[in-house]
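Written below as structure tokens is the structure these notes are about.
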Amino acid sequence: MTDFFTRRDGALAVEQVPLARIAAEFGTPTYVYSRAALTTAYQAYAAACKGRNAHVQFAVKANSNLAVLQVFAQLGAGFDIVSGGELLRVLAAGGDPRKVVFSGVAKSEADMALALAHDVRGFNVESIPELDRLNAVAGRLGKRARVSLRINPDVDAKTHPYISTGLKGNKFGVAFEDVLPTYRAAAALPHLEVVGIDCHIGSQITEVAPYLEALDKVLDVVEALEREGIRLDHIDVGGGLGITYADETPPDITGFATTLLDRVAARGHGHREVLFEPGRSLVGNAGALLTQVEFLKPGAAKNFCIVDAAMNDLARPAMYEAYHRIEPVAPHADAPVTYDVVGPVCESGDWLGRDRALAVQPGDLLAVMSAGAYGFVMSSNYNTRGRAAEVMVDGDAVHLVRERELPADLFKGEHLLKG
Ligand code: LLP
């Protein structure tokens, strides 16, 4: 249990609000976030950055609900975005575009133009064709785009292959051996201003060692460039810090961020600004997916607990075989039975948890924990299921921050053939 999801008289609550009250008021499935948990995680990064030239850019892709972005914007966060859509969300939430960094392997011309029009702080660029495209778009708009190169340091982040990004075989970043020539190419383009360097080696990383290995390679590049007269003002160390889903023991946020900042300073780069791009570690354990048991289906090989949330609501188990703890909201005293917790979608891959010991009855509520990151944002309308509602708890107040999608919403933009 995280600090903000606790049991009160046996029943699961978030901050001061029983989850049963949220289900009664807003129905299920519903994503529930804790404002205090978001704030606490952000403050843990801020504590490490205090007194240093270092800032946090929340990776919007992890959870782009406007109210979540609003909480971070109010705390002073910057944002790491990967699309024009995410930029518009940041603006709608009151975020400052001058604190926005635009990442992603293939930004469209339209998105580049939008970001330039809003004067974002910079672009993390991943290839020479992308530099050329950005140079052309900036030239057309009479602007100069500030760029960092995302380099691929060829470091094993020791995480799931689908969320590992800093190895040679990944599509991400400029290959390490091409980094210097690519910087030279960037520096020669008239509508670009080279300002920094970026790297992101993966996600759900639970050790510091791969970060330090990547950081050392990044600093080697910074030094080599400086010898050539290309000066970088900032170093973006990416995101990727893991959280506890089951029994992982990632480093605590403040200690982790401090270790990286100390390494930057120890190597004589303390005057440069350092950016962190965390997603999961800011929001993952601040959210849960609340769902209701529909039916229990005992079987010879397996017992199934069929709930009203499905792979379209939370894709991580189906996509990565990810583990999310599943907690009964109001536990029974009955002996637990081992179930696979599955959804109503017509796929065998539609499961949320396997082999879970639960004492449950139809109608009971379950909370799928640690679902604040890459939960709602990866949801789909598969099986023409409306996406879940999202609520934010703040002390004893509950705010609906996204309405449940209704069936009519789902085919609003579709057209019948004329005749
Ligand atoms: N910066 C960049 C350039 C990224 O690509 C990512 C995540 C982040 C920052 C934030 O990483 P975080 O701190 O959240 O690990 N859907 C997967 C995770 C995909 C991560 C994609 N990139 C999952 O559910 O595990």
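Atoms within a ligand are numbered from 1 in the order they appear, just like the ligands themselves.
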*Does Ala62 reach ligand 1 with a nitrogen or oxygen that is under 3.5 Å from one of the ligand's nitrogen or oxygen atoms?*
no
*asked:* If you measure every N or O of Tyr374 against every N or O of ligand 1, does any of those distances drop under 3.5 Å?
replied: yes
*Under the ring-ring contact (aromatic ring centres under 6.0 Å, His included) rule, what do Phe276 and His55 come out as? Steps first, then yes or no, please.*
CA-CA 6 Å; Phe276 295 94; His55 295 101; 9.9 Å; no
Which atoms of ligand 1 sit under 4.0 Å from any heavy atom of [X]?
{"X": "Gly240", "value": "11 (O), 12 (P), 13 (O), 15 (O)"}
{"X": "Asp80", "value": "1 (N)"}
{"X": "Pro278", "value": "13 (O)"}
{"X": "Arg150", "value": "3 (C)"}
{"X": "Gly239", "value": "9 (C), 13 (O)"}
{"X": "Ala59", "value": "8 (C), 9 (C), 10 (C)"}

Sub-3.5 Å donor-acceptor pair from the side chain of [X] to the main-chain atoms of [Y], do we have one?
{"X": "Asn383", "Y": "Arg385", "answer": "no"}
{"X": "Asp80", "Y": "Glu277", "answer": "no"}
{"X": "Tyr374", "Y": "Lys61", "answer": "no"}
{"X": "Thr244", "Y": "Ala246", "answer": "no"}

*Does Met378 have a non-hydrogen atom less than 4.0 Å from ligand 1?*
yes
*asked:* Once you restrict to heavy atoms under 4.0 Å, what part of His200 touches ligand 1? Side chain, backbone, both or neither.
replied: side chain
*Which is it for Tyr320 and ligand 1 at heavy atoms under 4.0 Å: side chain, backbone, both or neither?*
side chain
*On the 0 to 90° scale, with breaks at 30° and 60°, tag the Phe72-Tyr42 ring pair as parallel, tilted or perpendicular.*
tilted
*Just going by heavy-atom distances, which of Gln204, Arg280, Lys61 is nearest to atom 25 (O) of ligand 1?*
Arg280
*Kindly indicate, with the supporting measurements, whether the criterion salt bridge (charged side-chain N to carboxylate O under 4.0 Å, His left out) is fulfilled by Arg387 and Glu390.*
CA-CA 9 Å; Arg387 283 177 296 170; Glu390 292 176 285; over 6 Å; no
*Electrostatic pair Arg267:Glu223 at N-O distance under 4.0 angstrom*: yes
